[in-house]
Student: 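Please read through the structure below; I'll follow up with questions.
Just so it is clear: chains get the letters A, B, ... in the order the sequence lines come, proteins before strands, and each one is counted from 1.
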Amino acid sequence: MLETTYKPAEIEDKWYQAWERAGAFACGRHPERAPYTIVIPPPNVTGSLHMGHALNNTLQDILVRHARMSGHDVLWQPGTDHAGIATQMVVERQLDGEGLSRHDLGRAAFIERIWAWKAQSGGAIIGQLRRLGASCDWSRSRFTMDDGLSAAVRRVFVTLYRQGLIYRDKRLVNWDPLLHTAISDLEVEQREEHGKLWTFRYPLEDEPGRFVCVATTRPETMLGDTAVAVHPEDQRYADVAGKNCILPIMGRPIPIVADVHADPEKGTGAVKITPAHDFNDFEVGRRHGLAMINVLDARACLNDEAPERFRGLDRYEARDAVVAEMQALGLVEKIEEHTLALPYGDRSGVVVEPWLMDQWFVDAKALAGPAIAAVEAGRTRFVPEQWTRTYYEWMRNIQPWCISRQIWWGHQIPAWYGPDGRIFVAETQAEAEAAAAEAYGEPVALGRDADVLDTWFSSALWPLSTLGWPEETPELRRYYPTDVLVTGFDIIFFWVARMMMMGLHFMGEAPFHTVYIHALVRDEKGQKMSKSKGNVIDPLELIDRYGADALRFTLTALAVQGRDVKMSEGRVEGYRNFCTKLWNAARFCQMNGAAPVPGFDPATATEPVNRWLVGKLAAATAEASEALAAYRFNDYANGLYQFVWATFCDWYLEFAKPLLLEGDHAVQAETRAVAGWTLDRILILLHPVMPFVTEELHAAMAERDGGLLVDRPWPEAAALARDAEAEAELDWVIRLISTVRTMRADANVPPGARIPLMLRAAGDGVAARVAGHRRLIESLARIEAVELIEAEAPKGSVQGVCDGTTVILPLAGVIDVAAERARLDKELARLSVEIARLHKKLENPGFLAKAPAEVVATERDRLEAAALAQAKLTEAAQRLAEL
RNA sequence: GGGCGCGUAGCUCAGCGGGAGAGCACUACGUUGACAUCGUAGGGGUCGCUGGUUCAAUCCCAGCCGCGCCCACCA
């Protein structure tokens, strides 16, 4: 027998182990079935489960569990990401605690240390995903730095290099002066800040008394200025364009060039040009063949290009020093307050520097073409659809992707340099050496490129590399392309776009047909969760407190397309209560011997209550299936919530009580069978979102041959016959009972008191319904006896209306006349507003002429019903006045 | 500057051309043989504002106000 209260902690681990023992998550168990594949967004190996993971993996788990039940051979491919910079930082912090730096260890020992760290404490998140219930095929788990996946990375690099789609170039890159590495545009985030705008005077070479004024937010970069630009049509500067001015402090002449980049509306109209430290200036520099003078070192301190007195100052000290010197020279025109956005490294949190250097780039523009076309042609579809536009916007304006990083942890670039700097790109050192020997005519010593690749470079290959590419594995043939990618919008550019590019380029097919983009999980006030704000809700704590099922259900019920998920503990508690409700419904079934009967066909049920329930279940099943097919996770969860709590528990089980207690044997047996069968269906339908509690109840419901719920087939709603008459009948019984309950409550009848009920002016249909469901009405509305009457209601009755039938509670003597008067007045007022509205509508010729006939008919019926109710209640009010 | 989204009950949010909904919170009553992590009933909303389209607008269109996010730029 089940316990009174559901205790998630006692069942979850047990069932997860049972599933794994049964191999329930393994792909390939049913080779005859159609494949269904999802690749997990690989969590960082350093990570621990946060709310975003919980949401992301709950949704994936719902899809794959549903797909398995729906008869697919499912592969949910798991794994972890080596997360270059993040992981390196974790281990460097450890070393720091020992008073060491990675340079003290040297590269090889440092990398060995990271592997040791990974073996010991990396991948804790995998265990946490299990606690959440994620049904990945763990036997296929991969890591982005596994041998096979690393080989895939080298193959892609070499291939793209030979195709001219990867190249080495000297360009301005975003340099992180704290981490000492280049980062891509996407890893830079803009933050608004208050700063100053300085306007400097640069004297003309020919006329030292005359100046060109330039404004800047970064005075220290002036030491690297190699020109001043003015707009070619700017009359103010027409006579100086082409001349030189003298760069103060440095004392060198620099040209005043005419370039459309100079905006006459901004600043002074003349702009200083620092090609080595500004992206726009770099372009101007290229157009005019200007010198590019790098004045900063890797720490963003002034280097030897600066005059001796400035050397070694960091950029902010240098700024003060330059301004001070300019002021001393009398060359500061003005200083203004200014708001500007500064580029910060998303990992280091320091301002990044545009820095001129040699790096490796991917020609993203070339790869983007097919990736755009695949979406345009509908071969890959975004859900919700609005993300398509975001994807296009970025893809159509894509910039070269800087893929080299000056860190140690990651895939080292497979490029070697000869003594004269010639590049040999190859998958192995031996191949590179062979190529070099041929090129030089003799064996030479090669030095390998020290850089590693951007972590997203290997992530981009994830749907291919986890399936064995570049080998022609059976898994690759069977499971590629995958079906759905489930991810957050924050990595559309980082990851989704790049997987599209790589998948199309190397497989000729997009890696997924659907990309489901879910929202961010925020706190209950809508704030982004962050450690610094202290508003982080830990999903593991919620699992401890309320169970994984409750957390999963909460996230699912809140996962509305296109809207952020606002998480609050109260919601989780509420859905834990839902688990308890389900638990107790199962307990009730168990106590009454209501278990699924093998071979039972609900179509054979004859009792209308049972036929009514089967119809409602058919509707709920269809809704659940449709919602999942359309990725409307919230509708899936909320629809079942309503069905279980309202339809099954509040009404059906209450109906079942009198049937089970007093019905004849056939009705009792049928009701037990239908209740058991419906509960069984409910467990199946809820299993994808609440796998643990449903599996536990499934096992408790009957002696089973060890069969697990996880393997049960998903039901077809269409297979269930619906009985319109039974549904109409019971829906009416429910309305009648509700009407009586409301009247009782308004009349302050004690909840336990059994009172008589009279129904007046009921047609034959009502008489038949009462005859058929007398016990249900008496039981649920606490009625002593139902009587059909023709005569007027007894004096002192409480009266109401249900579907045109007068509902009478004869309470002579105990009735509170004033309260009843108030109740009737209120109801009459509501009816008269309704009637007026309907009259107005039905008197409108335009409505009668143009509205669909069925809408007109509905409105007429409504008016008729309201008018009838008004008449009956008016009469009731008159009878009351006679008292 | 470009793009996306959001303003519906006290709170969090569904709905999106024809009767304003849910959960939580709130009020009253209740130990009815599954469940007080519960039951029954109830109160609470000019669906941001202004126009337009329509027989009909919370829903479609336009404008405005407020809020959020993304991209680009910022001398």
Student: Check every strand shown and say whether A/Lys657 touches a base, only sugar-phosphate, or nothing at a heavy-atom separation below 4.0 Å.
Tutor: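 Contact class for A/Lys657: base.
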Student: For nucleotides B/rC65 and B/rG30, find the distance between their C1' atoms and express it as a whole number of Å.
Tutor: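 Looking at atom C1' only, B/rC65 and B/rG30 are 49 Å apart.
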Student: Would you kindly give the NZ-to-C1' distance between A/Lys581 and B/rG39, to the nearest whole Å?
Tutor: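 For the pair A/Lys581 NZ and B/rG39 C1', the rounded distance is 7 Å.
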Student: Within the 4.0 Å heavy-atom criterion, would you say A/Thr742 contacts the bases, only the backbone, or no part of the nucleic acid?
Tutor: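 Counting heavy atoms under 4.0 Å across all strands, the contact made by A/Thr742 is with sugar-phosphate only.
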Student: Taking the six-membered ring for Trp, are A/Tyr652 and A/Phe648 parallel (under 30°), tilted (30 to 60°) or perpendicular (over 60°)?
Tutor: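 Aromatic pair A/Tyr652/A/Phe648 classed parallel.
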Student: Describe the nucleic acid contact of A/Arg741 in one word from base, sugar-phosphate, nothing, applying a heavy-atom distance below 4.0 Å.
Tutor: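 Sugar-phosphate, backbone atoms only, no base.
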Student: Looking only at side-chain N and O atoms, does A/Trp645 come under 4.0 Å of OP1 or OP2 in B/rG39?
Tutor: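 For B/rG39, OP1 or OP2 has a side-chain N or O of A/Trp645 closer than 4.0 Å.
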Student: On the 0 to 90° scale, with breaks at 30° and 60°, tag the A/Phe493-A/Trp394 ring pair as parallel, tilted or perpendicular.
Tutor: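 Plane angle under 30°, so parallel.
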Student: Which of these passes side-chain hydrogen bond (donor to acceptor under 3.5 Å, both in side chains) with A/Tyr344: A/Glu189, A/Glu193, A/Glu187?
Tutor: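 When side-chain hydrogen bond (donor to acceptor under 3.5 Å, both in side chains) is applied between A/Tyr344 and each of A/Glu189, A/Glu193, A/Glu187, only A/Glu193 qualifies.
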Student: Please report, rounded to the nearest Å, how far the C1' atom of B/rG1 is from the NZ atom of A/Lys266.
Tutor: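 Rounding to the nearest Å, NZ of A/Lys266 and C1' of B/rG1 are 10 Å apart.
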Student: Just so I know, are the side chains of A/Val807 and A/Met743 near enough to count as touching, which here means a heavy-atom distance under 4.5 Å?
Tutor: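 The answer is yes; the side chains approach within 4.5 Å.
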Student: Mind checking A/Thr268 for me? I need base, sugar-phosphate or nothing, with any heavy atom below 4.0 Å counting as a touch.
Tutor: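 Contact class for A/Thr268: none.
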Student: For A/Asn748 and A/Asp816: C-alpha separation, side-chain torsions, deciding distance, then whether side chain to side chain donor-acceptor pair (under 3.5 Å) applies.
Tutor: CA-CA 8 Å; A/Asn748 290 318; A/Asp816 177 342; 4.9 Å; no
Student: OP1 or OP2 of B/rA75 versus the side-chain N and O atoms of A/Lys196: is any pair under 4.0 Å?
Tutor: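 No, no such contact exists.
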Student: When you compare the side chains of A/Tyr392 and A/Glu376, does any donor N or O come within less than 3.5 Å of an acceptor on the partner?
Tutor: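 No.
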Student: Provide the distance between the two C1' atoms, one in B/rU54 and one in B/rG17, to the nearest whole Å.
Tutor: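 Nearest-Å result for B/rU54 against B/rG17 at atom C1': 9 Å.
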Student: With no angle test and no hydrogens, is the base of B/rA72 tied to the side chain of A/Gln399 by a donor-acceptor pair under 3.5 Å?
Tutor: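 Under the 3.5 Å cut-off, the side chain and the base do not form any donor-acceptor pair.
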Student: For B/rG18, what is the paired nucleotide under Watson-Crick or G-U wobble rules, both distances under 3.5 Å?
Tutor: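 WC or wobble partner is B/rC55.
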Student: Could you check which nucleotide pairs with B/rU32 in any of the strands shown, counting Watson-Crick or G-U wobble with both distances under 3.5 Å?
Tutor: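 Result: none.
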Student: What nucleic acid atoms does A/Ala585 come within less than 4.0 Å of, heavy atoms only: base, sugar-phosphate, or nothing?
Tutor: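 Contact class for A/Ala585: base.
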Student: To the nearest Å, how far apart are A/Trp394 CH2 and B/rG2 P?
Tutor: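 Between P of B/rG2 and CH2 of A/Trp394: 22 Å.
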Student: Between atom CG in A/Asn397 and atom C1' in B/rC73, what is the gap in whole Å?
Tutor: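 One finds 13 Å between C1' of B/rC73 and CG of A/Asn397, rounded.
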Student: Scan A/His231 against the nucleic acid and name what it touches under 4.0 Å (heavy atoms): base, sugar-phosphate only, or nothing.
Tutor: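 No contact.
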Student: Quick one: do A/Lys196 and A/Glu336 satisfy salt bridge (charged side-chain N to carboxylate O under 4.0 Å, His left out)? Show the steps, please.
Tutor: CA-CA 6 Å; A/Lys196 286 193 169 64; A/Glu336 298 156 282; over 6 Å; no
Student: Just to be sure I understand the rule, does A/Lys7 reach a base, reach only the sugar-phosphate, or reach nothing, if contact means heavy atoms closer than 4.0 Å?
Tutor: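 Here A/Lys7 touches no strand at all.
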Student: When you match A/Leu186 and A/Ala586 each to their closest nucleotide on RNA chain B, which lands nearer the 5' end?
Tutor: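 Counting from the 5' end, the first nearest nucleotide belongs to A/Ala586.
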Student: Both distances under 3.5 Å, Watson-Crick or G-U wobble: report the partner of B/rG66, or none.
Tutor: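 WC or wobble partner is B/rC6.
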Student: Measuring only the P atom in each nucleotide, how far is B/rC64 from B/rC26? A whole number of Å is fine.
Tutor: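 Going atom to atom, P in each nucleotide, I get 43 Å.
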Student: A/Glu654 has an atom CD; how far is it from atom P of B/rC38, in whole Å?
Tutor: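 After rounding, the gap between these two atoms is 15 Å.
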Student: If I take atom CZ in residue A/Arg571 and atom C1' in nucleotide B/rG23, what distance separates them, rounded to the nearest angstrom?
Tutor: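 The answer, rounded to whole Å, is 5 Å.
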Student: Given that A/Thr4 and A/Asn844 both sit by RNA chain B, which one's nearest nucleotide is further toward the 5' end?
Tutor: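 The 5'-side residue here is A/Thr4.
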Student: Please pick, from B/rG19, B/rA34, B/rC55, the nucleotide with the shortest atom-to-atom distance to any side-chain atom of A/Leu653.
Tutor: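 Looking only at side-chain atoms, A/Leu653 lies closest to B/rA34.
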Student: With a 3.5 angstrom cut-off on both distances, give the Watson-Crick or G-U wobble partner of B/rC73, or none if there isn't one.
Tutor: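 WC or wobble partner does not exist here.
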Student: As a test of reading the structure: which of B/rC35, B/rG18, B/rG30 is closest to the side chain of A/Thr580, going by heavy atoms?
Tutor: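 So the nucleotide nearest the side chain must be B/rC35.
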Student: What is the distance, to the nearest angstrom, from the CZ atom on A/Phe382 to the P atom on B/rC4?
Tutor: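 Result: 15 Å.
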Student: Tell me which nucleotide among B/rA41, B/rC73, B/rG18 gets nearest to the side chain of A/Ala341.
Tutor: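 The listed nucleotide nearest to A/Ala341's side chain is B/rC73.
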Student: Can you tell me, in whole Å, how much space there is between the P of B/rC13 and that of B/rC6?
Tutor: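 These two P atoms come out 13 Å apart once rounded.
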Student: Students often get this wrong, so: under 4.0 angstrom with heavy atoms, is A/Val855 touching a base, only sugar-phosphate, or nothing?
Tutor: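 Here A/Val855 touches the bases of the nucleic acid.
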Student: So what does A/Leu197 hit on the nucleic acid, given a heavy-atom distance under 4.0 Å: a base, only sugar-phosphate, or nothing?
Tutor: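 If one applies the 4.0 Å heavy-atom cut-off, A/Leu197 turns out to touch the sugar-phosphate alone, with no base involved.
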Student: Looking at B/rC69, B/rA34, B/rU37, which one has an atom nearest to any side-chain atom of A/Phe588?
Tutor: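 The listed nucleotide nearest to A/Phe588's side chain is B/rA34.
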Student: Just checking A/Pro845: base, sugar-phosphate only, or nothing, at a heavy-atom cut-off of under 4.0 Å?
Tutor: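 Since no nucleic acid heavy atom lies under 4.0 Å of A/Pro845, the category is nothing.
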Student: Would you indicate which nucleotide in B/rC70, B/rU40, B/rU37 comes nearest to any side-chain atom of A/Phe493?
Tutor: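 Nearest nucleotide to the side chain: B/rC70.
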Student: What's A/Cys589 touching, base or sugar-phosphate or nothing? Going by heavy atoms closer than 4.0 Å.
Tutor: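 Here A/Cys589 touches no strand at all.
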Student: Taking only N and O in the side chain of A/Lys566, is any of them less than 4.0 Å away from OP1 or OP2 of B/rC13?
Tutor: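 Answer yes for this pair, as a side-chain N or O of A/Lys566 is under 4.0 Å from OP1 or OP2.
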Student: For A/Asp263 and A/His231, which I'm curious about, is there any donor-acceptor pair between the side chains at under 3.5 Å?
Tutor: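 No pair is found: no donor N or O on one side chain lies under 3.5 Å from an acceptor on the other.
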Student: OP1, OP2 of B/rC38 versus side-chain N and O of A/Asn577: anything below 4.0 Å?
Tutor: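 So the side chain of A/Asn577 is within the cut-off, an N or O lying under 4.0 Å from OP1 or OP2 of B/rC38.
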Student: Over all strands shown, is A/Asp263 touching base, sugar-phosphate only, or nothing at heavy-atom distances under 4.0 angstrom?
Tutor: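 Since a base atom lies under 4.0 Å of A/Asp263, the category is base.
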Student: Between B/rC4 and A/Arg389, is there an OP1 or OP2 to side-chain N/O distance shorter than 4.0 Å?
Tutor: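 For B/rC4, OP1/OP2 do have a side-chain N/O of A/Arg389 under 4.0 Å.
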Student: Choosing from B/rC73, B/rA14, B/rA34, which nucleotide comes nearest the side chain of A/Asn592?
Tutor: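 Of B/rC73, B/rA14, B/rA34, B/rA34 is nearest to the side chain of A/Asn592.
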Student: Regarding A/Gln642, tell me which of base, sugar-phosphate or nothing describes its non-hydrogen contacts under 4.0 Å with the strands shown.
Tutor: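 Sugar-phosphate contact only.
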Student: Find the partner of B/rC11: check Watson-Crick (N1-N3 plus N6-O4 or O6-N4) and G-U wobble (N1-O2, O6-N3) distances, both under 3.5 Å, and reply none if neither fits.
Tutor: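 Result: B/rG23.
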Student: Separation of A/Glu189 atom CD from B/rC70 atom C1', in whole Å?
Tutor: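 Rounded to whole Å, this separation is 13 Å.
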Student: What nucleic acid atoms does A/Glu573 come within less than 4.0 Å of, heavy atoms only: base, sugar-phosphate, or nothing?
Tutor: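 Contact class for A/Glu573: none.
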Student: In terms of the angle between their ring planes, are A/Phe553 and A/Phe578 parallel, tilted or perpendicular, with boundaries placed at 30° and 60°?
Tutor: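 Aromatic pair A/Phe553/A/Phe578 classed tilted.
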